[in-house]
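Below: one structure, written as structure tokens.
What you are looking at is a predicted structure, and each value in this text was computed from that prediction instead of being measured.
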2 protein chains.
Amino acid sequence: MNSGTSYRQSRQRRRILQLLKETHTHPTVDWMYQQLKPEFPKLSLGTIYRNLSILTEQGLVNKIKSGSTFDRFEANTGTHYHFICESCGCMQDLEMPVRKDLNDEARQFTNFDVQKHQIHFFGLCSDCRSKKTAD
Amino acid sequence: MNSGTSYRQSRQRRRILQLLKETHTHPTVDWMYQQLKPEFPKLSLGTIYRNLSILTEQGLVNKIKSGSTFDRFEANTGTHYHFICESCGCMQDLEMPVRKDLNDEARQFTNFDVQKHQIHFFGLCSDCRSKKTAD
DNA sequence: ATTATATTAATAATCGTTCCGATTACTGTT
DNA sequence: AACAGTAATCGGAACGATTATTAATATAAT
């Protein structure tokens, strides 16, 4: 992306980070834009996107992955977990028992009505793993 | 969507479901389109989308949610889990210990190099819960 | 076969996001 | 203080995935 280059500071970027730090919701780009527009009347959406990706690159911000850009489907309708390879992007089912107890555990930490959960594991699939060791 | 109406059969929809059953990857819409295009030369993308949503509605197919349609961000960069309200769509952090052992467990069921995981819990947030009981 | 209506194909529209060219604002150097 | 170099900005166009609209077609029931 911008690797190796040094980052300059900017009021916009500082504000974006600050805004993100003082909110405990998980804002969308659009929300941040609404918030900061009055303060920076000429602010553009692109600026938010660019700065968020820089901040993410710097490790100051987390982008909560929506997995990938496109939807995926499966005919296996029973609950089960997924593994996603960070190298090739493939997705596989995990033949691993579903931990219903996690719902109960989560319930203890909130006053939410926790009904179900999903787990996505990340790493390298067997193919990509052997490719990595090859070179 | 199409609620209340009865479903007719169609060759296209039957094929889509069959295709989904015989593949153990988690196809994207585009991939299915590529696969079925030779068979149905006049097939259009809209048909795939519409049928997948019908099949999902019927419970025959799972749409692997990418969370929501737009990206979300947070300044809390430590690992932690998330709760998503299925009613209002809000997202909150869960103050719950991270279960690193799940990675080990997942590793036992595959030959993947599992490095990390995400858990998304779903249900009703406290606000929506009280609204539900109100009416 | 006729009829009613779900399904299709094609296309336009939408939504979130990224990319681009032109301009502006820093930062360090004479 | 003027300069060059370059990052950061804006605005809008472009993009890819998805949804909505329409007229034509296919399916199931009578």
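- The side chain of B/K63 lies closest to D/dT19 when the candidates are D/dT19, D/dC10, D/dA8.
- Using a 4.5 Å heavy-atom cutoff, the side chains of B/D71 and A/Y49 are not in contact.
- Note: OH (B/Y7) to C1' (C/dT8) measures 16 Å, nearest angstrom.
- Remark: P of C/dT17 and CD1 of A/I48 are 12 Å apart, rounded to the nearest angstrom.
- Summarising the geometry, the separation between CZ on B/R13 and P on C/dA9 is reported as 13 Å, rounded to the nearest angstrom.
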All N/O contacts under 3.5 Å from nucleotides 24-29 of chain D to the protein, with atom names and distances to one decimal?
residue : atom : partner : partner atom : Å
D/dT27  : O2   : B/R8    : NH1          : 2.9

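- What separates CZ of A/F40 from P of D/dT9 is a distance of 9 Å, to the nearest Å.
- Rounded to a whole Å, the CG atom of A/L45 is 19 Å from the P atom of D/dC15.
- Between B/F109 and A/P97 there is a side-chain heavy-atom pair separated by less than 4.5 Å.
- A parallel orientation is assigned to the rings of B/F83 and A/F112, their planes being inclined by less than 30° (bins at 30° and 60°).
- Nearest nucleotide to the side chain of A/D71, out of C/dA9, D/dT9, D/dT18: D/dT18.
- With the nearest nucleotide of DNA chain D identified for both B/Y49 and A/R50, A/R50 has the one nearer the 5' end.
- We find that CG of A/L52 is positioned 14 Å from P of D/dA8, with the value rounded to whole Å.
- B/T79 has its side chain out of reach of B/K116: every pair of non-hydrogen atoms, C-beta onward, lies at least 4.5 Å apart.
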(request) In sequence, state the C-alpha distance, the side-chain angles, and the governing distance for A/H80 and A/H82, and then conclude on side chain to side chain contact (heavy atoms under 4.5 Å, CB included). (result) CA-CA 7 Å; A/H80 58 275; A/H82 289 115; 3.2 Å; yes
(message) For a side chain to side chain contact (heavy atoms under 4.5 Å, CB included) check, start with the C-alpha distance between B/D93 and A/H26, then their side-chain angles and the critical distance, and finish with the verdict.
(response) CA-CA 9 Å; B/D93 286 347; A/H26 299 71; 2.5 Å; yes
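- Proximity of B/T47 to the phosphate of C/dT8: no side-chain N or O atom is located under 4.0 Å from OP1 or OP2.
- One interatomic measurement links the two molecules: CG of A/L36 to C1' of D/dA8, which rounds to 16 Å at whole-angstrom precision.
- Contacts between residues 18-33 of chain A and DNA chain C, defined by a heavy-atom separation under 4.0 Å, are absent.
- Within 6.0 Å of CD on B/E95 lie no more than 12 heavy atoms contributed by other residues, nucleotides or ligands.
- In summary, the side chains of A/Y81 and B/E105 do not present any donor paired with an acceptor at a separation below 3.5 Å, with no hydrogens or angles considered.
- Between the A/R129 side chain and the B/N111 main chain, a donor and an acceptor come within less than 3.5 Å of each other.
- Taking atom CZ of A/R15 as the reference point, atom P of D/dT9 lies 14 Å away to the nearest angstrom.
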